[in-house]
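Every chain is numbered from 1, with letters handed out A, B, ... down the list of sequences. Note that these values count all heavy atoms, side chains included, but never hydrogens, waters or copies made by symmetry.
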Protein chains: 2
Amino acid sequence: MYHQEPKVQLNDLAVLRTSSLTGVIERELEHLILTGELKPGERLNEIQLSTRFGTSRGPLREATRSLQARGLVESIRNRGVFVRSVSPTEALEIYDVRAAIFGLAGRLLADLVTDQMLARLNDYLDQMDNVAASKNFDDYYPINLAFHDYLVTATGNGTLVKEYKAFVNKLHLARARGLVQAGGLSVSNREHREMVDALASGNRERAQEAFFRHVERSKIRFRSTLDADGLQS
Amino acid sequence: MYHQEPKVQLNDLAVLRTSSLTGVIERELEHLILTGELKPGERLNEIQLSTRFGTSRGPLREATRSLQARGLVESIRNRGVFVRSVSPTEALEIYDVRAAIFGLAGRLLADLVTDQMLARLNDYLDQMDNVAASKNFDDYYPINLAFHDYLVTATGNGTLVKEYKAFVNKLHLARARGLVQAGGLSVSNREHREMVDALASGNRERAQEAFFRHVERSKIRFRSTLDADGLQS
DNA sequence: CCATTGTTTATTGCCTACAATAGCAATCGT
DNA sequence: ACGATTGCTATTGTAGGCAATAAACAATGG
């Protein structure tokens, strides 16, 4: 009975005023998927998960439908819903679309760039240089992520932000997930500087191209490691 | 009881073997929304719609969750789900993202283009010229749509296709829907020829830019009519 | 007359129960 | 022995019912 205290610990009742149980479950499932606790190909058992969340199957089913529409999960009738497994081919497709969207970010930013923004970007670059020098790669990713997040958000185009993040998430479901990260490891900060320089120039097309190429190079690195490991499709 | 013959007329039971009731409802709702039978801002009454489809509220709720994730509908807790109304501002955002994706299509096609493809594209161009000459504008849209659909599909990038169509659909929910179409009416076929010529040249960047600009010009036309009509936000 | 506070009603949120299906194992016939 | 068939079990698909909320209206007090 849902009028009792739900068993969930972190969600105050206040939260449920605005966001429905379904929404909470959806975010929770998304988290489980993206952290890898639920692995690609794994089935989401309705009863098991709903009891885990302390709810009935209804909200859980609604949550999985939403995840399905967002491409994180796929459903086979009468068999269940499974965490999606993104094939290398699809990963390559996603890289291209992501490049296009990120390129748009560059194009838009070229018209919006301010000294303050450039200062902040250069700060990110310095931080990444420092961390790279100290070979502390675990510290590199958070900054790298923040750098890209800032760029995308600063466009002021919410649709763009949403799309970009959706694709980044989807790449986490790539069968060769390790390769995605491994490829990123070798990114030299020079690519990032090229992007910031392009922004500073205020040249739309140049910025778009620099941003686009940055993602395309990630794609190429991904494909290389893919070939090296002899993975197909 | 769902083991009886459902009241839905067009869907054979065979269809339900593969796609769930939820999926059928979702497609049906999507149709109602895109044809305008359900207008932006309108509430989707669960009881009314579920009885209309001859099902219970469960599958209907799952269908609307999916539509919500896809951005066609928005849900307010304890108040219901409403057909989304896309603000002019968001429409402009969408135009940009769509331009980026369409630009990618151009870039990819530049590497894939064949004589056969060019012939087909030129055929489309001729058809549109003819129709435009005869001022039969109702005939113009289907060809225009097919032209763009073909371009996007020919990239072979399914992710791109899906995204592109999603955004086209969303633009149908723009508050100033009429303006979207009105703006398109004045598209001269010259823009289309520029795109095809760029493809023929095999120059990636040029093709990307031509495709990108085509959508951007639609955006500008949309904004002009917007300003003329004194619409805000 | 207006604001505030019950009260009613339509509708959503969630849950439980039952029907149907898929996968598997045991059984049966050949 | 072996394939097809038939139950069995776990799990999903759907239905319908009760609780809770919000919006509209009525009643009350200032």
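- Residue A:E46 has its side chain nearest to D:dG13 when only D:dG13, C:dC15, C:dG13 are considered.
- Map B:R65 and B:N45 each onto its nearest nucleotide of DNA chain C; the residue landing nearer the 5' end is B:N45.
- Applying the 4.0 Å criterion to OP1 and OP2 of C:dG23, one finds that A:R79 has a side-chain N or O inside that range.
- Residue-level contact check: B:L60 touches neither bases nor backbone, having no heavy atom under 4.0 Å from any strand.
- Judged by the 6.0 Å and 45° rule, B:R107 forms no cation-pi pair with B:F211.
- Dashed line: the shortest gap from a side-chain N or O of B:R57 to OP1 or OP2 of C:dT11 is not under 4.0 Å.
- B:L44 comes within 4.0 angstrom of the backbone, heavy atoms only, and of no base.
- Applying the ring pair (Phe, Tyr, Trp, His ring centres under 6.0 Å) test between B:F102 and each of B:Y164, B:F167, B:F212 identifies B:Y164 as the sole match.
- Residue B:V97 comes nearest to A:T159 through the heavy atom pair CG2-CG2, 4.1 Å, listed as atom of the first residue, atom of the second, then distance.
- Here B:S56 reaches the OP1 or OP2 of D:dA15: one of its side-chain N or O atoms lies under 4.0 Å away.
- Dashed line: the shortest gap from a side-chain N or O of B:R61 to OP1 or OP2 of D:dA15 is not under 4.0 Å.
- Taking side-chain N and O atoms only, B:T22 has no distance below 4.0 Å to OP1 or OP2 of D:dG13.
- Checking D:dT21, C:dC14, C:dT12 against the side-chain heavy atoms of B:I47 singles out C:dT12 as nearest.
- A:G58 comes within contact range of no nucleotide atom at all, as no heavy-atom separation falls under 4.0 Å.
- Comparing C:dG13, D:dT14, C:dC15 by their closest approach to the side chain of B:L21 singles out D:dT14.
- An OP1 or OP2 oxygen of D:dT12 is reached within less than 4.0 angstrom by a side-chain nitrogen or oxygen of A:R43.
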